[in-house]
Amino acid sequence: MKEGRVSILIIEDSPTDITIITRQLAKYGFDLDFATSGEDALKSLQEKKYDMVVTDYSMPGMTGLDVLDRMKKEGYDMPTVIMTGAGSERLAVEAMKKGACDYLIKSTDPGWLEVFPSVIQSNIEKYRLVKERRKIEEEKKQLAMRLQQAQKMESIGTLAGGIAHDFNNLLMGIMGHISLMLLRTDSDPQLFEHLKAIEDIVQKGSDLTKQLLGFARGGKYEVKLTDLNGLIEKTLELFGRTKKEMRIHSKYQKGIWPVEVDRGQIEQVLLNLYVNAWEATPGGGEFFVETSNVVLDKNYIKPFAVRPGHYVKISVTDTGVGMDKATQKRIFEPFFTTKEMGRGAGLGLASAYGIIKNHGGMINVYSEIGHGTTFNVYLPASEKDATVFEEHKVAEEILKGTETVLIVDDEAIVLDVCKDMLTEIGYKVLVARSGREAVEIYGKQKEEIDLVILDMIMPDMGGGEAYDRIKEMHPKAKVLLSSGYSIDGEASEILARGCNGFIQKPFNIKELYEKIRALLQK
Ligand SMILES: Nc1ncnc2c1ncn2[C@@H]1O[C@H](COP(=O)(O)OP(=O)(O)OP(=O)(O)O)[C@@H](O)[C@H]1O
Ligand SMILES: [Mg+2]
């Protein structure tokens with residue numbers, strides 16, 4: 001129960017009754033206030049919070065029933081007892097129907113006064129129990145809703161991941177053939193233009209599957225110790241260059257804690273948030289990005305499945321159109337969009353959600369219609385000391401390779417085009433159609449093979465097992481994982497076991513070349 005004394009408002013117009021009630025209740029330590037009319041009582045209710053109201057029935061002006069009506073209408077929620085004169089039980093019943101919790105029948109016999117204190121106490125206790133039960137019910141409902149939401153996200157995730165995987169293999173085939181054709185179109189500028197256009201379209205398709213993958217918890221592939229301030233600055237620069245009408249303000253925490261993240265994925269999250277902010281502020285507006293170190297305690301994180309501890313917080317705020325509560329509830333669902341057909345796919349926030357969750361972090365939103373929106377992203381801080389944040393360098397142009405590469409993939413479309421791409425850039429190529437075949441070939445020719453490009457999901461023996469077998473034969477073997485998607489984060493496990501690199505399908509010749517060079521030079 002609430003601290004302090006029980007406060008009761010008694011509505012009674014008879015001075016005699018006020019005196020005898022006061023005397024009767026004196027030794028119970030209640031905090032008593034009196035109002036002599038319904039109107040007075042309503043004023044008192046506005047000024048002070050009462051635990052209980054006891055009202056006489058017959059008063060000049062408003063009756064006790066009128067008071068009950070008004071209290072209900074104005075949303076007062078506290079136990080209310082009605083006192084009626086002897087012989088008016090019918091009225092008492094009516095009062096109960098209107099929401100009174102109990103009644104007292106006044107009579108000349110002082111017995112009615114004796115039950116007064118216990119009526120007060122028992123009703124306050126009853127009310128407290130009802131409230132407690134309501135709270136528990138409410139919590140149960142919330143929990144069930146959250147569980148249902150989580151299950152829904154999980155199953156859509158599986159579906160989305162499967163689609164993305166198959167599509168990436170198809171796109172890989174198209175992308176690969178186009179990049180090969182592009183190398184041979186010098187004599188025909190028109191053909192070149194068409195191919196470039198197709199390549200752009202494939203790139204768009206690949207961006208879509210990338211969003212789907214982000215949502216579907218495709219695993220963090222290339223986790224690196226990262227300074228988020230630096231990463232944000234880079235993305236803001238890129239964004240600011242294309243969206244000149246946004247006034248961008250940034251505020252970075254000094255001495256920001258390092259985080260271990262897949263930079264490409266976090267960039268994707270940031271850009272999604274920026275683009276949404278831009279789309280929410282037609283004609284341009286203010287746009288704020290802020291970072292801070294925060295410690296989240298048990299209470300704060302309760303609704304999210306994350307651990308208490310040290311986090312880096314990124315806030316992205318716009319002064320745009322904002323969202324109502326119904327929209328806010330659904331924004332993280334894949335394919336939920338309020339944008340017109342062809343504008344938004346509804347994947348930006350779904351992928352942001354998946355990626356952040358997959359990093360052990362959380363994302364939430366505050367928004368008000370007409371005022372703007374803030375997204376907060378929390379990423380767990382790393383224990384590692386980050387004095388140097390390693391940067392990733394890429395080769396400028398394609399030089400010819402000379403080494404021997406074993407490429408392993410169960411999809412003929414992928415295998416064939418990758419073979420041609422590798423040959424094109426000078427590598428000697430061996431192919432395997434399964435993990436088992438790869439292990440066999442590697443066993444026979446390990447002296448010659450400089451690099452293995454290994455698909456993740458294959459029937460008979462998957463990429464994970466093939467990787468382990470190859471490493472057993474030759475601990476220094478260089479392996480580049482390639483995947484359209486790995487649903488169980490298997491790729492990240494293999495990378496954690498020391499695998500050298502990862503390339504996301506679909507990729508073009510240049511991306512392939514850069515990955516291989518970076519690996520072979522290590
Ligand atoms: N900053 C924002 N201000 C107002 N509404 C927003 C904001 N960010 C997201 N929303 C709402 O959330 C919806 C979902 O956003 P999400 O980024 O997932 O998809 P989208 O932007 O519609 O499409 P896509 O990102 O795939 O191009 C949006 O359609 C919009 O209604
Ligand atoms: Mg979006």
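Whatever order the structure lists ligands and atoms in, that order sets their numbers, starting from 1.
For ligand 1 and T337, the ligand atoms under 4.0 Å from any heavy atom of the residue are 20 (P), 22 (O), 29 (O). Heavy-atom proximity to T338, at under 4.0 Å, picks out these atoms of ligand 1: 28 (C), 29 (O), 30 (C), 31 (O). Which parts of ligand 1 touch A280 is read off a 4.0 Å heavy-atom cut-off, strictly below it: atoms 2 (C), 3 (N), 4 (C).
In terms of polar-atom proximity, L347 is counted as a contact of ligand 1, with an N or O under 3.5 Å from an N or O of the ligand. The shortest N or O to N or O distance between T327 and ligand 1 is not below 3.5 Å. Close N/O approach between V321 and ligand 1 is not found [any backbone or side-chain N/O within under 3.5 Å]. The shortest N or O to N or O distance between A345 and ligand 1 is under 3.5 Å.
Interatomic distance, E290 CD to F288 CZ, rounded to the nearest 0.5 Å: 9.5 Å. Taken from CD1 in I503 to OG in S482, the straight-line distance is 7.5 Å, to the nearest 0.5 Å. With rounding to the nearest 0.5 Å, the separation of NE2 in H371 from OG1 in T317 is 14.5 Å.
In this structure the side chain of L406 never reaches within 4.5 angstrom of the side chain of L451, judged on heavy atoms.
The protein heavy atom nearest to atom 25 (O) of ligand 1 is G348 N, 3.3 Å. Among protein heavy atoms, the minimum distance from atom 12 (O) of ligand 1 is reached at I331 CG2, 3.1 Å. Nearest protein heavy-atom neighbour of atom 7 (C) of ligand 1: M323 CE, 3.7 Å. The protein heavy atom nearest to atom 17 (O) of ligand 1 is N276 ND2, 2.8 Å. Regarding atom 1 (N) of ligand 1, its nearest protein heavy-atom neighbour is D318 OD2, 2.8 Å. Annotation: atom 21 (O) of ligand 1 to nearest protein heavy atom, K339 NZ, 2.6 Å. Ranking protein heavy atoms by distance to atom 14 (C) of ligand 1, first place goes to F336 O, 3.4 Å.
Of all the heavy atoms of L273, none lies under 4.0 Å from any atom of ligand 1, so neither backbone nor side chain is involved. Residue-level proximity to ligand 1 for L349 is carried by backbone and side chain together, each with a heavy atom below 4.0 angstrom.
Taking the six-membered ring for Trp and the full ring otherwise, F375 and Y353 have centroids separated by 6.0 Å or more. Y76 and Y50 have their aromatic ring centers separated by at least 6.0 angstrom.
Between E137 and R133, no side-chain nitrogen of the basic residue sits less than 4.0 Å from a carboxylate oxygen of the acidic one, so the salt-bridge criterion is not met. A salt bridge links E465 with R469: the distance from a Lys NZ or Arg NE/NH1/NH2 to an Asp or Glu carboxylate oxygen falls below 4.0 Å. Between R241 and E237, at least one side-chain nitrogen of the basic residue sits less than 4.0 Å from a carboxylate oxygen of the acidic one, meeting the salt-bridge criterion.
In this structure, G346 counts as a contact residue of ligand 1, since one of its heavy atoms falls inside 4.0 Å of the ligand. Within the 4.0 Å heavy-atom cutoff, F332 does not count among the residues contacting ligand 1. Residue contact annotation: N272 has no non-hydrogen atom under 4.0 Å from ligand 1.
Using a 3.5 Å distance cut-off with no hydrogens or angles, the side chains of T423 and D420 do not pair a donor with an acceptor.
Between the side chain of K419 and the backbone N or O of V431, no donor-acceptor pair lies under 3.5 Å. Using a distance-only test at 3.5 Å, with no hydrogens or angles considered, a donor-acceptor pair links the side chain of N293 to the main chain of W257.
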